[in-house]
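The structure displayed is predicted, hence computed values, not measured ones.
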Amino acid sequence: MRYTSVRLLKLGLVLSLASSQVLADDLHNQVDAIIQPLMRDHAIAGMAVAVFVNGQEHYFTYGLANKQERQPVSRETLFEVGSLSKTYPPPLAALASAEGKLDLNAPASRYQPALAGAPLGKASVLECGAYSADCLPLQFPDEVTSSAQALAFYQQWQPRGEHGTQRCYSNPSLGLFGDLAARAQQRPFADLMSQTVLPQLGLKHTYLAVPAAAQGLYAQGYDAQDRAVRVNPGPFADEAYGIKTNVVDAMRYVRLQLQPDRLSPTLKQAIAITHTGYFQVGAMTQGLGWERYPYPVSLDTLRKGNGADFALKPQPTQRLLPASPAAQAAWYNKTGSTAGFGAYVAFIPSKGMGVALLANRNYPNEARVEAAYRILTQIQAPE
């Protein structure tokens, strides 16, 4: 009897492994059918894609990390992720909030006294993190090239509306948010991120500055004229668009959003704070870094919410009081771009599914969203 049971157990394991391989092969074919035409249509040199479904991670790599050197993309290839970086300072701020070091509702001037007396100093830390503080511009003016000049810019900025009434997607706004969170802990932002937050998240191949030992893994980006480019650092670049990462770390980051129980209780609380909805902007609920939509959601809604028109124009916004708790039936996402790179991440907690797309070309957000949407809606996950 025992011999038969063992044989049945082994047979079940074999069948399970065979079934998993079939699912993996099907997924590979599905992802290939979406990503390969995407790369042709947008002249993308290389991409790395990760999908999390049914409790398993799946990785797919395509094309070249460096065309001149004919270096293929691998799981270890580092990509710039642009504004996807804006989801990384919020855990730092949320961790400080959970530990009682930072009050998200405090005025900016509490943590940056140089803003006392300036209109922007009255905006809350939270409003800076949700792009709802005084409608700051998308970028600093070209003449602002140092931290001192950035501070003078903030001091002189004249608001274009009441705090918390307009969402103006903005590097200066998110940059100030990250800076305030670091000042509340009396340590430089880069040190806190590199020595505390990234290690606590287990992200061993995610960097603000790519170390010499990893330079050979750093993909070359390509702009619209197919010129080789990489990101130019500017004021608060680390806070707003400075992250470089590989697809394995990007997927770990997604999994931590889906499975925060793997983290310490304080960091788990911090993740929940970033998933909380603080402002309603049309169909989108603005969290800290993450943008969320009720799930199921239409592709058209996601295209609009991630499109250039939505990002580049002021959008009416309404503060949610009380804040909307982290949601399970939701599509969370964030795009990111530099001159030569394009990234997109999305995850659905209720489905236990997520996707990360990294590319060494800046191609339209709408195309990224459609690719991710097709991947996640074509595969099967447990209810």
Look at the side chain of [X] and the backbone N and O of [Y], then say whether any donor-acceptor pair between them is shorter than 3.5 Å.
| X | Y | result |
| --- | --- | --- |
| T77 | L217 | no |
| K244 | E80 | no |
| Q155 | A114 | yes |
| S85 | I243 | yes |
| R252 | G202 | yes |
| D223 | A339 | no |
| R368 | G336 | yes |
| N246 | V248 | yes |
| N362 | S337 | no |
| Q280 | M284 | yes |

Please determine whether side chain to side chain contact (heavy atoms under 4.5 Å, CB included) holds for the pair T301 and Y293, giving the CA-CA distance in whole Å, both sets of side-chain angles, and the decisive distance to 0.1 Å.
CA-CA 9 Å; T301 296; Y293 299 82; 3.8 Å; yes
Name all residues meeting the salt bridge (charged side-chain N to carboxylate O under 4.0 Å, His left out) criterion together with R230; count only those two or more places apart in sequence or in a different chain, and write none if there are none.
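Listed in chain order: nothing, the list is empty.
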Give a yes or no on whether a salt bridge exists between [X] and [Y], defined as a side-chain N under 4.0 angstrom from a carboxylate O.
| X | Y | result |
| --- | --- | --- |
| K204 | D249 | no |
| K304 | D309 | no |
| R167 | E291 | yes |

Derivation and outcome, side chain to side chain contact (heavy atoms under 4.5 Å, CB included), residues T276 and L288:
CA-CA 7 Å; T276 297; L288 284 176; over 6 Å; no
Distance from [X] atom [atom1] to [Y] atom [atom2], nearest 0.5 Å?
| X | Y | atom1 | atom2 | result |
| --- | --- | --- | --- | --- |
| N365 | E370 | CG | CD | 13.0 Å |
| D134 | S170 | CG | OG | 10.5 Å |
| T377 | L299 | OG1 | CG | 8.0 Å |
| T196 | Q200 | OG1 | CD | 6.0 Å |
| L176 | W157 | CG | CH2 | 13.0 Å |
| R75 | T61 | CZ | OG1 | 8.0 Å |

Taking the six-membered ring where the residue is Trp, are the ring centres of Y295 and Y332 under 6.0 Å apart?
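Ring-ring flag for Y295/Y332: false, centres at least 6.0 Å apart.
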Are side-chain heavy atoms of [X] and [Y] found at a separation under 4.5 Å?
| X | Y | answer |
| --- | --- | --- |
| Q30 | L27 | yes |
| F236 | P89 | no |
| L84 | T245 | no |
| D103 | Y111 | yes |
| T338 | N232 | no |
| E69 | L64 | no |
| I34 | Q378 | yes |
| H275 | Q257 | yes |

Sole candidate of V81, V73, V345 that passes side-chain contact (heavy atoms from CB on, under 4.5 Å) when paired with L358
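The single option meeting the side-chain contact (heavy atoms from CB on, under 4.5 Å) with L358 is V81.
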Partner of Y131 by side-chain contact (heavy atoms from CB on, under 4.5 Å), out of Q315, Q166, K86
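Of all the options given, the one that passes is K86.
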Please step through ring pair (Phe, Tyr, Trp, His ring centres under 6.0 Å) for the pair Y253 and Y88, ending with a clear verdict.
CA-CA 10 Å; Y253 190 50; Y88 290 76; 4.2 Å; yes
Please determine whether residues [X] and [Y] belong to a single hydrophobic cluster, defined as Ile, Leu, Val, Met, Phe, Trp and Tyr linked transitively by side-chain heavy-atom distances below 4.5 Å.
| X | Y | result |
| --- | --- | --- |
| L95 | F177 | no |
| Y59 | I44 | no |
| F189 | V197 | yes |
| Y373 | M39 | yes |
| L376 | M47 | yes |

Which pair of heavy atoms, one from [X] and one from [Y], lies closest together, and at what distance?
| X | Y | answer |
| --- | --- | --- |
| L92 | A181 | CD2-CB, 3.6 Å |
| T317 | S132 | CG2-OG, 3.9 Å |
| P235 | T145 | CG-C, 3.7 Å |
| C135 | R160 | O-NH2, 2.6 Å |
| A93 | L102 | O-CD2, 3.5 Å |
| Y278 | T285 | N-CG2, 4.5 Å |

I would like to know whether Y218 and N66 meet side chain to side chain donor-acceptor pair (under 3.5 Å); could you show each step before the answer?
CA-CA 9 Å; Y218 191 174; N66 187 310; over 6 Å; no
Please determine whether the number of non-hydrogen atoms from other residues, nucleotides or ligands lying under 6.0 Å from atom [atom1] of [X] exceeds 12.
| X | atom1 | answer |
| --- | --- | --- |
| Q318 | CD | no |
| E162 | CD | no |
| E143 | CD | yes |
| D142 | CG | no |

Test side chain to side chain contact (heavy atoms under 4.5 Å, CB included) applied to V369 and E366, step by step:
CA-CA 5 Å; V369 170; E366 293 87 344; 5.7 Å; no
Show your working on side chain to side chain donor-acceptor pair (under 3.5 Å) between Q185 and R187 and close with a plain yes or no.
CA-CA 6 Å; Q185 300 173 75; R187 289 181 61 190; over 6 Å; no
Show your working on side chain to side chain donor-acceptor pair (under 3.5 Å) between Y344 and N333 and close with a plain yes or no.
CA-CA 7 Å; Y344 181 68; N333 74 184; 2.8 Å; yes
Applying ring pair (Phe, Tyr, Trp, His ring centres under 6.0 Å) to F140 and Y154, what does each step give before you reach the verdict?
CA-CA 10 Å; F140 284 107; Y154 290 137; 5.7 Å; yes
Does NZ or CZ of K67 fall inside the cone over Y222's six-membered ring, less than 6.0 Å from its centre and within 45° of the axis?
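Judged by the rule, K67 and Y222 form a cation-pi pair.
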Pair listing, salt bridge (Lys or Arg N to Asp or Glu O under 4.0 Å) test, anchored in residues 35-51, at least two apart:
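As it turns out, there is no salt bridge (Lys or Arg N to Asp or Glu O under 4.0 Å) pair with a partner in residues 35-51 once direct neighbours are skipped.
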